[in-house]
Trainee: 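First the structure, then my questions, so here it is.
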Amino acid sequence: MSRFVSVAAAAALLSTSVIAPATAQRGKLPLVRDAETEDLLRDYAKPIFAAAGVPSAQVDIILVNDKGFNAFVPDARRMFINLGVILDAETPGEVIGVIAHETGHIAGNHLARLRQAASQAQIIAVIGAILGAGAIAAGASSGSVDVSRGGAGLATAGAGFGKRSLLSYQRSEEASADRAALTYLEKTGQSAKGMLKTFSRFADQALFSSRYADPYALSHPLPRERYNALEEVAKKSRYFDKSDPPSLQLRHDLVRAKLLAYTSHPSTVERAYPRSDKSLPAQYARAVVASQTKSGDRAAKAVDDLIRQMPNNPYFYELKGQSLLESGKPRAAIDPFRKAVALRPNEGQFLVWLGFAMVASNDASLLPEAERILKAGLQIDANSQIGFSQLAIALARQGKTPEADLATAQGLMARGDFQGAKRYASRAQKNLKSGTRPWLQADDILSYKPPKLSR
C-alpha cells in the first residue's frame, strides 16, 4: 500500500504506489483497495457467512474511502464497508458485529427495498458501471466475471458520497438483522460485546439532532430501548466475556495503524503513535509515513526492522517493494515483491506489483516474464487498472501492438472510461484474428452498454 494517487498517476511509472483508484466517474463512490485490509475482513466474515448459510464466494467485501462510520449491502453479492469502520473500531469484535448485522440483511432477504433505495441514490448504477465494467475487462485474463478478490491499493475520490447516499432501512428489518447477528456470533463462539459497543454509540446519538449524528446511526436507527433488548440477550451468551484472539487483535491493530498512516497527515500519525510507542503497529505506521514522504534510507530501515520482527508477513515485503518503487529503484523492488508472492501466491495485487517492478526496470529480458506474471495477477484481480496499464506497456515493448491496445482498452473499462475503452478495442480488433479469444474480448468491450444514471 502507498499514498493516494490519481488514476492517471497510478498508471505512470514511479508516481504510483500500491494505491489504485476505482472511483465511479459520476457517482463519486470512492472505492479503495488494500490486500491486507481485505484479507482481514474476509477472515472476519468467513465464519459469519458460514453461520448464516451464505457462501463466502458469493459476497465481495468492498472498501470505501470514507472515514465516516458506515456499511451497507445493496444486494446479496456486495457488502460495502467504510475505512472509518476499521479506524473507529478498537477490537476485531466491533467490526465483526457490523459484518454480522449486514449479513443479517443478506440472509434475511431484506434487499428488495434496499435495491429500490439504492437505485434512487444511483448507487446500484454506479456500482454496476464500475464493477460490471471491471468484469468485462477481466475477460481479458480469465474469461471469468468473478469480481476481483485480492488487492493492494487504495483510491482517492470525493469523500462524502457514502454519507450523502446512505440507505434507509426499515426498523423491523434492522431489529431482525440485530437478532440474526447475535445468532451468528453465538454459533461461531464469538462475543457480542464489540457489537454492543458499536451500537451503544448509535443509541446515544439518537438522542441528538440528526444534523450531528453519525451517518450509520441515521441509516440504522437504534433507539435506546432497542439497544437494551440487544444487551439483555447478548449478556446471556456464554461467550460474552470471551476476548478476541491476540493474533487477530494484532492483525487488527496493524491494519488500523496502516490505514491511519495512509489517510492522515504525518502529524496526526505522530500524535496517535508517538516515538515512545515501540509497539509493532506504531512502527508500521511510522514506516508507512516514511515511505510516503520519500525518506528513502529512513523508510528502508523502518521496513527492514519490521521484517526482522515478522519475517513471514507478506505485507511488510509489499511495503518495502512500494517504498523502493517510490524512491525510483524498481529493479531493487523485484526481490521484495517476489518474497511477498512466495508468501501469498494467490494475491493478485502482489503479482501485479511484481510485474510492474519488472516493467519499470526497463530490462527487455524481463518483459516475457512480466507479461506472464501480470496476466496471472489479472486472472485473480480482475479490476486492477495498474495491472492492465503495465501489461499494455509490456506487450507494446515486445511489439505486440494489437494485444497492447486490447489491454489498454481493458484498463480503461476498469477505470470507467467506456468511450476510451471502445476506441482502443476497435483499434485492437482490426488487427486481431477474427474469432480468436482476444478478438472476442475486444468485441465484448465494443458491445458493452453502461447503465444509464438518472439525474
Side-chain angles (χ1 to χ4, degrees), residues 1-6 9-10 12-20 32-37 65 67 83 86-87 152-156 250-344 349-350 352-354 356-358 360-362 386:
M1 214 199 259
S2 182
R3 62 194 169 87
F4 292 104
V5 294
S6 66
L13 180 57
L14 291 176
S15 62
T16 197
S17 63
V18 297
I19 308 267
V32 300
R33 302 300 312 281
D34 177 62
E36 185 174 13
T37 306
N65 177 25
K67 288 187 177 181
L83 297 185
I86 305 164
L87 289 169
L154 287 113
T156 68
L250 177 59
R251 289 179 63 193
H252 183 83
D253 293 341
L254 287 170
V255 166
R256 286 185 76 206
K258 178 186 195 177
L259 293 180
L260 182 70
Y262 276 120
T263 61
S264 306
H265 191 275
S267 62
T268 301
V269 180
E270 178 67 24
R271 287 193 297 271
Y273 299 100
R275 292 288 165 181
S276 59
D277 187 345
K278 305 300 182 183
S279 68
L280 199 62
Q283 294 177 57
Y284 198 14
R286 290 192 289 267
V288 169
V289 170
S291 69
Q292 297 224 97
T293 54
K294 293 187 172 64
S295 303
D297 293 340
R298 184 161 62 89
K301 182 181 183 303
V303 179
D304 285 341
D305 286 344
L306 290 170
I307 290 172
R308 275 192 291 272
Q309 295 173 77
M310 292 188 72
N312 293 321
N313 186 318
Y315 308 109
F316 291 168
Y317 292 98
E318 177 197 26
L319 178 59
K320 183 173 183 177
Q322 286 298 322
S323 180
L324 289 166
L325 276 178
E326 290 284 345
S327 59
K329 301 174 182 177
R331 182 175 289 277
I334 292 175
D335 283 346
F337 282 134
R338 282 196 191 277
K339 182 64 174 177
V341 169
L343 290 167
R344 285 190 65 84
Q349 281 298 306
F350 287 175
V352 166
W353 291 112
L354 174 56
F356 185 169
M358 290 178 170
S361 296
N362 289 319
I386 293 175

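Just so you know, these numbers come straight off a predicted model, no measurement behind them. Sequential numbering from 1 along the given sequence is applied to the chain's residues.
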Trainee: For a 4.5 angstrom cut-off between non-hydrogen side-chain atoms, does Arg298 reach Arg286?
Mentor: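 Of all side-chain heavy-atom pairs linking Arg286 with Arg298, none is under 4.5 Å.
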
Trainee: Could you give the distance from CD (Glu36) to CZ (Phe316), rounded to the nearest 0.5 Å?
Mentor: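 So the CD of Glu36 and the CZ of Phe316 are separated by 7.0 Å.
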
Trainee: So Leu254 and Arg251, side-chain contact (heavy atoms from CB on, under 4.5 Å) or not? Walk me through it.
Mentor: CA-CA 5 Å; Leu254 287 170; Arg251 289 179 63 193; 5.5 Å; no

Trainee: If we ignore angles and hydrogens, is there a donor and acceptor under 3.5 Å between the side chains of Ser264 and Lys67?
Mentor: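 Yes.
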
Trainee: Assess the residue pair Arg338 and Met358 against the criterion (side-chain contact (heavy atoms from CB on, under 4.5 Å)); give the C-alpha distance rounded to whole Å, side-chain angles, the decisive distance to 0.1 Å, and a yes or no.
Mentor: CA-CA 11 Å; Arg338 282 196 191 277; Met358 290 178 170; 2.9 Å; yes

Trainee: With sequence neighbours excluded, what pairs up with Ser267 under the side-chain contact (heavy atoms from CB on, under 4.5 Å) test?
Mentor: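 Residues passing side-chain contact (heavy atoms from CB on, under 4.5 Å) with Ser267: His265, Arg271.
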
Trainee: Do Asn313 and Ile307 have side-chain heavy atoms sitting under 4.5 Å apart?
Mentor: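 The answer is no, as the side chains (C-beta and beyond) never meet within the 4.5 Å cut-off.
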
Trainee: Identify the heavy atoms of Ala299 and Ser323 that sit nearest to each other, and give their distance.
Mentor: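 What the structure gives for the nearest pair is CB-OG, 3.6 Å.
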
Trainee: Using side-chain heavy atoms (C-beta onward) and a distance below 4.5 Å, is Leu324 in contact with Pro336?
Mentor: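 Answer yes - side chains close enough.
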
Trainee: Show the nearest heavy-atom pair for residues Val269 and Ala261, with the distance to one decimal.
Mentor: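 Heavy atoms only, the tightest pair is CG2-CA, 3.7 Å.
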
Trainee: Please give me the minimum heavy-atom distance between Leu343 and Pro311, naming the atom from each residue.
Mentor: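 Minimum heavy-atom contact is CD1-O, 4.2 Å.
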
Trainee: For the pair Tyr317 (side chain) and Asn312 (backbone), establish whether a donor and an acceptor sit closer than 3.5 Å, ignoring hydrogens and angles.
Mentor: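 It does not hold such a pair.
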
Trainee: With sequence neighbours left out, what residues match Asp304 under salt bridge (Lys or Arg N to Asp or Glu O under 4.0 Å)?
Mentor: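 For Asp304, the residues satisfying salt bridge (Lys or Arg N to Asp or Glu O under 4.0 Å) (neighbours in sequence not counted) are Lys320.
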
Trainee: Applying side-chain contact (heavy atoms from CB on, under 4.5 Å), can you list everything that pairs with Ala257, at least two apart in sequence or on another chain?
Mentor: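 Counting only residues at least two positions away or on another chain, Ala257 forms a side-chain contact (heavy atoms from CB on, under 4.5 Å) with Tyr273, Pro281, Ala285.
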
Trainee: Working to the nearest 0.5 angstrom, can you tell me the gap between Thr37 OG1 and His252 NE2?
Mentor: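 Reported value, rounded in 0.5 Å steps: 10.5 Å.
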
Trainee: In Å, rounded to the nearest 0.5 Å, how long is the span from CZ of Arg344 to CD of Gln349?
Mentor: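 Spacing of CZ (Arg344) from CD (Gln349) equals 12.5 Å.
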
Trainee: Given side chains that start at C-beta, do those of Thr263 and Leu87 come closer than 4.5 Å, heavy atoms only?
Mentor: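 Yes, side chains in contact.
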
Trainee: Could you report the tightest heavy-atom contact between Tyr284 and Leu319, atom names first, then the distance?
Mentor: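 In this case the closest contact between Tyr284 and Leu319 is CE1-CD2, 3.9 Å.
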
Trainee: Relative to each other, are the rings of Phe337 and Trp353 parallel, tilted or perpendicular (30° and 60° limits)?
Mentor: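 Correct class here is parallel.
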
Trainee: Determine whether Asp335 and Lys339 satisfy the following criterion, salt bridge (charged side-chain N to carboxylate O under 4.0 Å, His left out), listing intermediate values before the conclusion.
Mentor: CA-CA 6 Å; Asp335 283 346; Lys339 182 64 174 177; over 6 Å; no

Trainee: Which atom names give the shortest non-hydrogen contact between Leu280 and Gln309, and what distance separates them?
Mentor: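 That closest heavy-atom pairing would be CD1-OE1, 3.6 Å.
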
Trainee: What are the two closest non-hydrogen atoms of Ile334 and Leu354, and how far apart are they?
Mentor: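 Here Ile334 and Leu354 meet closest at O-CD1, 3.6 Å.
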
Trainee: So, does Gln283 use its side chain to make a donor-acceptor pair with the main chain of Lys278 at under 3.5 Å?
Mentor: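 Yes: the side chain of Gln283 pairs with the backbone of Lys278.
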
